[in-house]
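Notes for the one structure printed next.
Sequence positions, counted from 1, serve as the residue numbers for this chain.
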Amino acid sequence: MQDAEIKPSFHLEAAMRGAYVEIDSIGARPDLTAQLNYTNALIQAGYADHILLSHDAGWYEPGQPDGRPSGVSARIYYLDR
(Lines give C-alpha, C1' and ligand atoms only; values in the text may rest on other atoms or scores of the structure.)
Protein backbone atom coordinates (compact mmCIF):
# COMPACT_ATOMS: atom_id res chain seq x y z
CA MET A 1 0.00 0.00 0.00
CA GLN A 2 1.43 3.36 -1.02
CA ASP A 3 0.25 6.90 -0.38
CA ALA A 4 -1.04 8.85 -3.36
CA GLU A 5 1.20 11.80 -2.55
CA ILE A 6 4.34 11.28 -0.47
CA LYS A 7 5.68 14.84 -0.28
CA PRO A 8 4.69 16.67 2.93
CA SER A 9 5.22 19.93 0.98
CA PHE A 10 2.30 18.94 -1.27
CA HIS A 11 0.04 18.40 1.76
CA LEU A 12 1.11 21.73 3.23
CA GLU A 13 0.50 23.58 -0.05
CA ALA A 14 -2.99 22.10 -0.27
CA ALA A 15 -3.78 23.15 3.33
CA MET A 16 -2.41 26.65 2.70
CA ARG A 17 -4.84 26.96 -0.23
CA GLY A 18 -7.74 26.03 2.07
CA ALA A 19 -8.10 22.33 1.27
CA TYR A 20 -8.61 19.61 3.82
CA VAL A 21 -5.89 16.94 3.71
CA GLU A 22 -6.92 13.35 4.33
CA ILE A 23 -4.39 11.01 5.90
CA ASP A 24 -5.84 7.59 5.10
CA SER A 25 -5.43 3.96 6.21
CA ILE A 26 -4.51 4.79 9.81
CA GLY A 27 -3.85 1.44 11.46
CA ALA A 28 -3.93 -0.53 8.20
CA ARG A 29 -0.14 -0.72 8.05
CA PRO A 30 2.29 -1.94 10.67
CA ASP A 31 4.41 1.25 10.38
CA LEU A 32 2.70 4.60 10.97
CA THR A 33 5.86 6.68 10.50
CA ALA A 34 4.91 8.29 7.17
CA GLN A 35 1.35 9.06 8.26
CA LEU A 36 2.57 10.55 11.54
CA ASN A 37 5.14 12.65 9.69
CA TYR A 38 2.50 14.02 7.30
CA THR A 39 0.14 14.77 10.18
CA ASN A 40 2.80 16.32 12.40
CA ALA A 41 4.08 18.57 9.58
CA LEU A 42 0.57 19.98 9.10
CA ILE A 43 0.08 20.47 12.84
CA GLN A 44 3.46 22.20 13.24
CA ALA A 45 2.59 24.54 10.36
CA GLY A 46 -0.70 25.50 12.06
CA TYR A 47 -3.09 23.46 9.92
CA ALA A 48 -4.41 20.95 12.45
CA ASP A 49 -7.93 22.09 11.55
CA HIS A 50 -7.35 20.99 7.93
CA ILE A 51 -6.54 17.34 8.72
CA LEU A 52 -8.94 14.47 8.10
CA LEU A 53 -7.87 11.08 9.47
CA SER A 54 -9.35 7.88 8.07
CA HIS A 55 -8.85 4.23 8.92
CA ASP A 56 -10.82 2.50 6.11
CA ALA A 57 -12.89 0.40 8.51
CA GLY A 58 -16.22 1.82 7.43
CA TRP A 59 -17.52 -0.85 5.09
CA TYR A 60 -20.49 -3.15 5.70
CA GLU A 61 -20.44 -6.93 5.29
CA PRO A 62 -24.00 -8.33 5.19
CA GLY A 63 -22.97 -11.91 6.09
CA GLN A 64 -21.38 -10.93 9.41
CA PRO A 65 -23.13 -10.26 12.73
CA ASP A 66 -24.10 -6.58 12.85
CA GLY A 67 -22.57 -6.19 9.37
CA ARG A 68 -19.10 -5.82 10.82
CA PRO A 69 -16.30 -7.41 8.79
CA SER A 70 -14.31 -10.04 10.66
CA GLY A 71 -10.98 -8.87 12.04
CA VAL A 72 -11.81 -5.15 12.02
CA SER A 73 -11.25 -3.18 15.18
CA ALA A 74 -11.02 0.53 15.88
CA ARG A 75 -7.68 1.94 16.98
CA ILE A 76 -7.10 5.34 18.48
CA TYR A 77 -3.75 7.12 18.17
CA TYR A 78 -2.91 10.25 20.09
CA LEU A 79 -0.47 12.84 18.81
CA ASP A 80 1.42 14.82 21.40
CA ARG A 81 1.44 18.47 20.40
Side-chain angles (χ1 to χ4, degrees):
M1 179 181 316
Q2 183 174 337
D3 297 313
E5 181 53 61
I6 61 170
K7 296 181 217 157
S9 61
F10 182 88
H11 304 144
L12 182 56
E13 180 68 25
M16 290 171 63
R17 292 177 180 223
Y20 288 86
V21 179
E22 179 187 12
I23 311 297
D24 201 7
S25 301
I26 302 292
R29 310 173 208 187
D31 184 5
L32 293 171
T33 303
Q35 294 160 315
L36 290 172
N37 288 340
Y38 303 149
T39 305
N40 192 44
L42 288 166
I43 291 170
Q44 294 300 317
Y47 292 98
D49 59 340
H50 286 254
I51 300 170
L52 302 172
L53 299 175
S54 173
H55 57 75
D56 282 345
W59 60 87
Y60 179 78
E61 192 171 318
Q64 296 295 325
D66 299 323
R68 183 177 172 174
S70 58
V72 173
S73 62
R75 295 181 186 142
I76 299 174
Y77 299 94
Y78 297 94
L79 297 174
D80 184 11
R81 287 185 164 193

Q) Looking only at heavy atoms, which two atoms of Ser54 and Glu22 are closest? And how far apart? A) CB-OE2, 3.2 Å
Q.
Once salt bridge (Lys or Arg N to Asp or Glu O under 4.0 Å) is applied, what residue pairs with a partner in residues 9-19 remain, sequence neighbours excluded?
A. Glu13-Arg17
Q | Contacts of Ser9 that satisfy side-chain contact (heavy atoms from CB on, under 4.5 Å) - sequence neighbours left out | A | Lys7
Q.
Is there a continuous path of hydrophobic side-chain contacts, each under 4.5 Å between heavy atoms, that joins Ile43 to Tyr20?
A. no
Q. Rounded to the nearest 0.5 Å, how far apart are CG of Leu32 and CG of Asn37?
A. 10.5 Å
Q.
Looking at every non-hydrogen atom in both residues, tell me the closest pair between Gln35 and Ile23 and how far apart they are.
A. CB-CG2, 3.8 Å
Q. Can you tell me how far NE2 of His50 sits from CG of Leu12, rounded to the nearest 0.5 angstrom?
A. 10.5 Å
Q: Heavy atoms only: give me the nearest Leu53-Thr39 pair and the separation to one decimal.
A: CD2-OG1, 4.0 Å
